[in-house]
Amino acid sequence: VARKLGQLLEGELKVSIPVINVSGATGQTGHAKMLSANADGYTMEIMTGDTFALLAQPKATLKLADFIPLGILIQQASGFFVAENSPMKTWADVEAAAHQRTLKVAITGFESPDDLTVSYFAARGMKLSPVPYAKPSERYTSIIGGHADLLYEQAGDVRSFVDSKQIRPVIFFYGSKVGAFPDVPNSTALGHNITLAQFRVVLVKAGTDPAKVKLLADAIAKAAQTPDFKAYLKEQYADEASFVPADQVKPYMEKWLDEARHLMAAIPAKK
């Protein structure tokens with residue numbers, strides 16, 4: 001997302017926009033890097049829903065007041081994936097297997113939406129054990145190599161593996177069917193109120209000059225409406241209506257946090 005946005009913004013803002021990958025601690029390492037920079041608009045962060053979910057924790061150290069959102073660029077349905085050669089072909093197979101033996105689930109990190117979802121089903125009798133992987137590539141291939149039984153991910157992030165028929169989804173945690181996968185059930189249709197979309201939002205540090213905030217937010221809004229970015233959303237199996245402008249992001253984030261807290265409350269182990 002950062003690379004695609006950077007390409008579109010460079011021409012509009014007339015500056016170079018290098019992208020720096022910062023992994024670790026469910027995104028907190030990258031977030032801390034943004035917060036340690038000057039509040040001058042020259043350092044932006046792409047925060048994922050994985051990191052944002054940490055704000056829902058009762059003793060959260062991350063705060064909404066620490067940053068200014070410039071726009072949500074992408075929203076995707078998360079799901080559980082299995083290897084193509086897995087004996088588990090459907091969600092019903094996964095449920096049956098998880099009542100017989102412990103299934104390892106590759107996740108981003110503890111206290112993430114991945115972890116919350118695993119804990120939700122574990123609290124309902126399924127034997128699921130979360131296994132965090134800091135490096136996305138290792139997480140993606142964990143089910144192919146047999147190191148994990150399930151992968152919590154978004155289809156767009158693992159499209160190359162899906163298209164090459166190495167892995168496939170068995171359930172999506174969304175309020176509706178995912179168009180590209182009409183045969184894959186969604187959580188709400190099965191009676192599970194888990195619909196936390198994976199989203200990526202652009203942030204700058206609180207205290208940034210309002211004029212610079214507006215300049216960046218306007219440029220991002222313009223980039224999000226380009227045919228190039230809309231084609232990118234399609235490639236990522238993302239919601240076509242993904243973009244949320246700067247002035248509507250906080251209500252979106254607050255609603256998302258409410259759902260995350262509701263999910264936590266439904267998990268005894270997370271109280």
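In what follows, residues are counted from 1 in the order of the sequence shown. For clarity, every value in this text was computed on a predicted model and none was experimentally measured.
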Check: So do the side chains of Thr48 and Phe199 get within less than 4.5 Å of each other, counting heavy atoms only?
Finding: no

Margin query: Just verifying a value: how many Å separate Leu128 CG and Tyr152 OH, rounded to the nearest 0.5 Å?
Written below: 13.0 Å

Check: Is the shortest heavy-atom distance from the side chain of Ile46 to the side chain of Leu203 under 4.5 Å?
Finding: no

Check: Does a side-chain N-to-carboxylate-O contact under 4.0 Å join Asp149 and Arg101?
Finding: yes

Notebook entry, point to check: Can you tell me how far the CD atom of Gln28 sits from the OG atom of Ser23, to the nearest 0.5 Å?
Noted result: 13.0 Å

Note to self: Any salt bridge linking Glu153 with Arg139? Criterion: basic side-chain nitrogen under 4.0 Å from a carboxylate oxygen.
What the structure shows: yes

Note to self: Is there a ring-ring contact (aromatic ring centres under 6.0 Å, His included) between Phe81 and Tyr140? Walk through the geometry before answering.
What the structure shows: CA-CA 10 Å; Phe81 291 74; Tyr140 300 161; 9.6 Å; no

Item checked: Distance-only donor-acceptor check, side chains Asp239 and Gln76, under 3.5 Å -> no

Note to self: Within the 3.5 Å criterion, strictly below it, is a donor on Arg200 or Gln75 matched to an acceptor on the partner's side chain?
What the structure shows: no

Note to self: Do Glu111 and Thr26 make a side-chain contact, defined as non-hydrogen atoms from C-beta onward lying under 4.5 Å apart?
What the structure shows: no

Item checked: Within residues 164-190 or reaching into it, pairs that qualify as salt bridge (charged side-chain N to carboxylate O under 4.0 Å, His left out) - sequence neighbours excluded -> Glu84-Arg168

Note to self: Quick check against the 3.5 Å criterion: does Tyr232 have a side-chain atom that pairs as donor or acceptor with the backbone of Leu5?
What the structure shows: no

Notebook entry, point to check: Considering all heavy atoms of both residues, which atom of Ala53 and which atom of Pro113 are nearest to each other, and what is their separation?
Noted result: CB-CD, 3.5 Å

Checklist line | Aromatic ring proximity Phe229/Phe243, centre distance under 6.0 Å | finding: no

Next item on the list: Please work out which of the three classes, parallel, tilted or perpendicular, describes the rings of Trp256 and Phe52, given edges at 30° and 60°.
Entry: tilted

Checklist line | Note: Asp40-Lys205 ion pair, threshold 4.0 Å (strictly below) | finding: no

Next item on the list: Following the transitive rule for hydrophobic clusters with a side-chain heavy-atom cut-off under 4.5 Å over Ile, Leu, Val, Met, Phe, Trp and Tyr, establish whether Leu190 and Val82 coincide in one cluster.
Entry: yes

Next item on the list: State, with a plain yes or no, whether a side-chain heavy atom of Val201 is found less than 4.5 Å away from one of Leu73.
Entry: no

Item checked: Distance-minimising heavy-atom pair for Ala260 and Leu196 -> N-CD2, 4.0 Å

Margin query: Assess whether a salt bridge exists between Lys212 and Asp218, defined as any Lys/Arg side-chain N lying under 4.0 Å from an Asp/Glu carboxylate O.
Written below: no

Next item on the list: Ignoring hydrogens and angles, state whether a donor on the side chain of Ser78 or Gln154 is under 3.5 Å from an acceptor on the partner side chain.
Entry: yes

Check: Hey, do the aromatic rings of Phe173 and Phe80 have their centres closer than 6.0 Å?
Finding: yes

Note to self: Does Phe121 form a side-chain contact (heavy atoms from CB on, under 4.5 Å) with Ile194? I'd like the steps, not just the answer.
What the structure shows: CA-CA 10 Å; Phe121 287 108; Ile194 308 175; 4.0 Å; yes

Check: Going by an N to O cut-off under 4.0 Å, is there a salt bridge joining Lys63 and Asp66?
Finding: no

Check: Is a side-chain N or O of Lys250 found less than 3.5 angstrom from the main chain of Asp247, in a donor-acceptor match?
Finding: no

Next item on the list: Indicate whether the side chain of Asp114 and that of Thr108 have a donor and an acceptor atom separated by less than 3.5 Å.
Entry: yes

Next item on the list: Could you state whether Trp91 and Phe172 fall into the same hydrophobic cluster, counting links through intermediate Ile, Leu, Val, Met, Phe, Trp or Tyr residues with side-chain heavy atoms under 4.5 angstrom apart?
Entry: no

Notebook entry, point to check: Would a hydrophobic clustering, with Ile, Leu, Val, Met, Phe, Trp and Tyr connected at side-chain separations under 4.5 Å, put Ile171 with Met126?
Noted result: yes

Checklist line | Separation between CG of Leu233 and CG of Asp228, rounded to the nearest 0.5 Å | finding: 10.5 Å

Margin query: Whether the side chain of Ser129 engages the backbone of Leu103 through a donor-acceptor N/O pair (distance < 3.5 Å, no angle test) should be reported.
Written below: no

Check: Out of curiosity, Ser160 OG to Gln166 CD, how far, rounded to the nearest 0.5 Å?
Finding: 7.5 Å

Next item on the list: Look at the aromatic rings of Phe67 and His31 and report parallel, tilted or perpendicular, splitting at 30° and 60°.
Entry: perpendicular

Item checked: Minimum-distance pair of heavy atoms, taken over all atoms of Ala83 and Ile143 -> CB-O, 3.5 Å

Note to self: Leu216 and side chain to side chain contact (heavy atoms under 4.5 Å, CB included): which single residue from Thr208, Leu70, Val202 fits?
What the structure shows: Leu70

Check: Going hydrophobic residue to hydrophobic residue with side-chain gaps under 4.5 angstrom, can you get from Leu64 over to Tyr252?
Finding: yes

Note to self: In this structure, is the centre-to-centre distance between the rings of Tyr133 and His147 below 6.0 Å?
What the structure shows: no

Note to self: Are the side chains of Phe161 and Thr141 in contact, using a 4.5 Å heavy-atom criterion?
What the structure shows: yes

Next item on the list: May I ask you to decide whether Asp93 forms a salt bridge with Lys89, counting only side-chain N to carboxylate O separations under 4.0 Å?
Entry: no

Note to self: Please find the pair of heavy atoms, one from Thr188 and one from Ser176, that lie closest to each other, and give the distance.
What the structure shows: OG1-N, 4.5 Å

Check: Any side-chain heavy atom of Ile167 within less than 4.5 Å of one from Ile144?
Finding: yes

Note to self: Assess whether a salt bridge exists between Glu235 and Arg159, defined as any Lys/Arg side-chain N lying under 4.0 Å from an Asp/Glu carboxylate O.
What the structure shows: no

Next item on the list: Taking the side chain as every heavy atom from C-beta outward, state whether Asp157 and Gln236 have any atom pair closer than 4.5 Å.
Entry: yes

Check: Looking at Met44 and Leu9, what are the two nearest heavy atoms and their distance?
Finding: CE-CD1, 4.3 Å

Next item on the list: Give the C-alpha distance, both sets of side-chain angles, the deciding distance and a yes or no for side-chain contact (heavy atoms from CB on, under 4.5 Å) between Val184 and Val178.
Entry: CA-CA 8 Å; Val184 179; Val178 176; over 6 Å; no

Check: If every non-hydrogen atom of Asn193 is compared with every non-hydrogen atom of Glu259, which pair is closest and at what distance?
Finding: O-OE2, 4.4 Å

Next item on the list: Determine whether Thr29 and Lys33 make a side-chain contact, defined as any pair of heavy atoms from C-beta on separated by less than 4.5 Å.
Entry: no

Margin query: Please determine whether residues Leu55 and Met34 belong to a single hydrophobic cluster, defined as Ile, Leu, Val, Met, Phe, Trp and Tyr linked transitively by side-chain heavy-atom distances below 4.5 Å.
Written below: yes

Next item on the list: Calculate, to the nearest 0.5 Å, the distance between atoms CD1 and NZ belonging to Ile74 and Lys4 respectively.
Entry: 11.5 Å

Checklist line | Asp50 vs Gln198, side-chain contact (heavy atoms from CB on, under 4.5 Å): CA-CA, chis, key distance, verdict | finding: CA-CA 7 Å; Asp50 302 316; Gln198 172 62 284; 3.0 Å; yes

